[in-house]
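All values reported here derive from a predicted model rather than from experimental measurement. Along the sequence shown, residues are numbered consecutively beginning with 1. Atoms within each ligand, like the ligands themselves, are counted from 1 in listed order. Values reported hereafter were calculated over all heavy atoms of this structure, with side chains retained and with hydrogens, waters and symmetry mates removed.
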Amino acid sequence: MNIIVLGPQGSGKGTQGKKIAQTYGIPHIATGDELRKMRELPTPTGQMIKEVMDRGELVSDDLLIRMIRDRLDRGDTLGGFVLDGFPRTLVQAEALDELLGDLGRSIDIVFEFQVPDRRQLIDRLTKRAAEENRTDDTPEAIQTRLAEFDEKTAPLVEYYRTSRGNVVGIHADRTVGEVFHEIEDALQAVEARA
Ligand code: AMP
């Protein structure tokens, strides 16, 4: 099963993405985690990534598309994958479609994590920044990230809804177990249709 988890930072998509991956034995591909490793490299690219991430802005589409192309080329994705944090722009979504088309694959389901209350998101992110020592999660960066999400990533819901109609909305402001239960139901429904 080829799955995308889409939602603002702090909506719990990372936690759920990992749970899906563990349960179904498929890789969890989190571009933010990859970039957090790359930003430590003592190279110009590492430095550039660090600066962009610290500001809460998006890293270039080119770099991300290359990263995903290399990752999807690996054999462990053949049985499916969970994409977490990618795509984040329309350019990335179109590139992903092309990439998957070349490989004879496609996205089966997109989970849209919805958290209506922005303050709740900001609280969660601020707490996580302290707990996980995520130096890129400053209050300014958090604001910028949510603005970037609204402007560039939220429109992808419409993109997937109109191009494939395979978007499932998830009320993410509930417990991890409740949210996962709903996700499993949706995945079973997709499997049953396959
Ligand atoms: P995340 O852990 O997914 O919230 O990502 C943390 C940061 O990594 C984001 O704020 C961006 O700066 C960068 N990032 C992660 N994924 C992408 C992407 N698909 N496109 C551009 N930047 C990304």
Side-chain angles (χ1 to χ4, degrees), residues 2-21 27-41 43-73 77 81-100 107 110-115 118 120-160 170 172 176 179:
N2 302 334
I3 302 163
I4 292 177
V5 288
L6 194 72
Q9 278 200 316
S11 61
K13 67 181 165 44
T15 304
Q16 297 294 335
K18 276 188 210 131
K19 273 178 86 70
I20 299 169
H28 173 232
I29 303 174
T31 47
D33 289 350
E34 289 304 315
L35 290 168
R36 270 184 288 279
K37 282 184 225 151
M38 286 175 75
R39 60 176 273 162
E40 300 305 328
L41 298 175
T43 59
T45 308
Q47 184 61 32
M48 179 272 287
I49 293 173
K50 182 173 163 18
E51 284 169 16
V52 174
M53 282 178 90
D54 284 350
R55 288 198 299 266
E57 292 168 8
L58 295 185
V59 176
S60 80
D61 287 332
D62 277 0
L63 193 146
L64 267 294
I65 292 165
R66 256 185 288 136
M67 183 193 281
I68 288 296
R69 180 180 300 131
D70 290 348
R71 187 61 190 86
L72 291 180
D73 247 357
T77 62
F81 52 80
V82 183
L83 274 184
D84 170 3
F86 185 97
R88 254 182 163 94
T89 65
L90 198 56
V91 171
Q92 292 179 15
E94 286 169 352
L96 177 65
D97 275 348
E98 207 181 306
L99 206 65
L100 289 174
I107 295 298
V110 177
F111 287 110
E112 180 205 0
F113 285 66
Q114 302 160 339
V115 181
R118 273 291 144 104
Q120 200 184 331
L121 273 186
I122 294 170
D123 285 352
R124 276 203 217 180
L125 286 169
T126 312
K127 230 164 79 205
R128 184 179 73 179
E131 278 167 11
E132 297 181 12
N133 197 18
R134 281 170 62 151
T135 48
D136 52 321
D137 277 352
T138 61
E140 295 77 27
I142 289 170
Q143 291 290 353
T144 306
R145 281 204 197 95
L146 291 176
E148 289 274 68
F149 177 83
D150 289 341
E151 188 194 331
K152 296 176 183 161
T153 311
L156 297 187
V157 171
E158 212 40 48
Y159 173 79
Y160 285 111
I170 296 286
V176 172
V179 172

Give every donor-acceptor pair under 3.5 Å between a side-chain atom in residues 149-158 and any protein atom, sequence neighbours left out.
residue, atom, partner, partner atom, Å
D150, OD1, R118, NH1, 3.4
D150, OD1, R118, NH2, 3.0
D150, OD2, R118, NH1, 3.0
K152, NZ, E148, OE1, 2.9
K152, NZ, E148, OE2, 3.4
T153, OG1, R88, O, 2.7

Q | Polar side chain donor-acceptor pair, D97 to Y159, under 3.5 angstrom | A |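 Distance-only check passes for D97 and Y159.
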Q: Just do the side-chain contact (heavy atoms from CB on, under 4.5 Å) check on M67 and T31 with the steps written out, would you?
A: CA-CA 8 Å; M67 183 193 281; T31 47; 4.0 Å; yes
Q.
side-chain contact (heavy atoms from CB on, under 4.5 Å), that's the test. Do I3 and I107 meet it? Break it down for me.
A. CA-CA 6 Å; I3 302 163; I107 295 298; over 6 Å; no
**Q.** Which residues share a side-chain hydrogen bond (donor to acceptor under 3.5 Å, both in side chains) with Q143, sequence neighbours left out
**A.** none
Which atom pairs, donor and acceptor, lie under 3.5 Å between side-chain atoms of residues 5-16 and protein residues at least two apart or in another chain?
residue, atom, partner, partner atom, Å
Q9, OE1, R145, NH1, 3.3
S11, OG, P8, O, 2.7
K13, NZ, D84, OD1, 3.3
Q16, NE2, V176, O, 3.1

Q.
As a test of reading the model: which residues have a non-hydrogen atom less than 4.0 Å away from ligand 1?
A.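 Lining ligand 1 at under 4.0 Å, by heavy atoms, one finds Q9, T31, G32, L35, R36, M53, E57, L58, V59, L64, G85, F86, R88, Q92, R134, R145.
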